[in-house]
Amino acid sequence: MPLPRSIRKLLLGFAVVLVVCLAAYLKFHHARPVLEVAYAGNKQVILWDSSAEIREVSATLKYGDRLDVLGHFQQQAQVRTAGGLVGWVAQSDLLSTDLWQKMRDLDGLAASSPVEARGATRVISNLHVGPGRDSPRLRQLPKGVPLELFQRQPVEVPVAAAAPVAAHADDSEVPAPPAARKEDWWLVRAHLADDTSVAGWVLARFIDLDVPAPLPDYASSAGMRVTAWFELDRVADFQGAPKPQYLLVGVKGGEGQPCDFTQLRVFTWGHQHERYETAFVASDLCGKLPVKLSHSVGATADPAFSFQDSSAGAAEERIYQMHQTVVRRVRRPADSAEKGRRKRG
């Protein structure tokens, strides 16, 4: 039995609409292959509805959001979010998959490393994937971001190319190349305002260290530039309030030195004068971070600390132990035998 004419028209119209919808779906969802995967690389990334100058905001992406890159136009990229929303973002707001993985590796390295110092960004600072100005930037940190510091690395500062020398110039007139200047970089973990954290490398001069008072005054009077500090233990003052006793390590002179620290000082609380006093000084070092803290076995559980020292050439472990306000170096039998051989030599 043939279908009524009205039913046939209705079915034909439905088929046309279905074909149009299918064509639109294929055009907008599958005609543009994914060129690469990237991640939102700033705290807030604006997703625009167009790459034109006059456009509207489609959404705001969070740092770390995964994006499919569909195309590029000038300094912009067309992306698709995990929810299927398509729009345009600034190319500089994206992190490649390689950089994202390196950032994850830095987070893992920071999580497994002991904290050597704490501070905050002194100015707006770039967080890099590695030490050095030429290393790719992960993101920008505003001023005042709290930081945990883990590793220090001196890096050569690129010098400007020397001016060309005339072909007839005498060798004696050719100036010697300038000595390479180095600057310190720190591997840090930055604690952001949105309660997230991110690890990377920051130029040391952009960091204000939170050295507890009055240690900065003591270090300044001794001509020491502080590298790191550690709380060894606590004692009570006359009022029963706890007073931390500190180990302070640092260097004399500017940044870029091969040793993380060349001297150390231990400050203990003096009950007689109710102030901190210098209990121990060592200034013949070429110490390498990290400084490891421990306690001796026994009823007193005296604090101890150790680190790798290269002042004699080869790296060796130095161990110190503190009992009350007395600090002494702990020498192992192998160290004593080596010292005896050097004296006989």
*Asks:* Under the 3.5 angstrom rule, does the side chain of Ser112 hit a backbone N or O of Leu109 as a donor-acceptor pair?
*Replies:*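 Between the backbone of Leu109 and the side chain of Ser112 there is a qualifying donor-acceptor contact (under 3.5 Å).
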*Asks:* Could you state the interatomic distance from CZ (Arg318) to CG (Asp309), rounded to the nearest 0.5 Å?
*Replies:*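 With rounding to 0.5 Å, CZ (Arg318) is 4.5 Å from CG (Asp309).
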*Asks:* Identify which one of Tyr246, Phe267, Tyr320 satisfies the ring-ring contact (aromatic ring centres under 6.0 Å, His included) criterion when paired with Phe280.
*Replies:*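 Among Tyr246, Phe267, Tyr320, the one that satisfies the ring-ring contact (aromatic ring centres under 6.0 Å, His included) with Phe280 is Tyr320.
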*Asks:* Any donor and acceptor pair, going by atom type alone, linking the side chain of Ser197 with main-chain N or O of Ala190 inside 3.5 Å?
*Replies:* no
*Asks:* Between Arg118 and Asp210, does a salt bridge (Lys or Arg N to Asp or Glu O under 4.0 Å) hold up when you go through it step by step?
*Replies:* CA-CA 6 Å; Arg118 288 179 169 82; Asp210 293 334; over 6 Å; no
*Asks:* Can any side-chain N or O of Arg122 pair as donor or acceptor with the backbone N or O of Arg205 at less than 3.5 Å?
*Replies:* yes
*Asks:* Using atom types as modelled and distance alone, determine if a side-chain donor or acceptor of Thr81 lies under 3.5 Å from a backbone N or O of Leu85.
*Replies:* yes
*Asks:* Which residue pairs satisfy the side chain to side chain donor-acceptor pair (under 3.5 Å) criterion with at least one member in residues 277-292, sequence neighbours excluded?
*Replies:* His273-Glu277
*Asks:* Has Glu255 got a side-chain atom pairing as donor or acceptor with Asp184's backbone, closer than 3.5 angstrom?
*Replies:* yes
*Asks:* Are the side chain of Thr121 and the backbone N or O of Ile124 linked by a donor-acceptor pair below 3.5 Å?
*Replies:*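 Answer holds: no.
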*Asks:* Measuring from atom CE of Met103 to atom CG of Asp105, what distance do you get when rounded to the nearest 0.5 angstrom?
*Replies:*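 Met103 atom CE to Asp105 atom CG measures 10.0 Å (nearest 0.5 Å).
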*Asks:* Checking Lys243 side chain against Tyr276 main chain: does a donor-acceptor pair fall under 3.5 Å?
*Replies:* no
*Asks:* In sequence, state the C-alpha distance, the side-chain angles, and the governing distance for Leu247 and Leu264, and then conclude on side chain to side chain contact (heavy atoms under 4.5 Å, CB included).
*Replies:* CA-CA 7 Å; Leu247 164 66; Leu264 66 84; 4.0 Å; yes
*Asks:* Side chains of His72 and Gln91: is there a donor and an acceptor less than 3.5 Å apart?
*Replies:* yes
*Asks:* For Leu289, does its backbone N or O pair with a side-chain atom of Asp260 as donor and acceptor, under 3.5 Å?
*Replies:* yes
*Asks:* For Phe307, check ring pair (Phe, Tyr, Trp, His ring centres under 6.0 Å) against everything at least two apart and list the hits.
*Replies:* Phe261
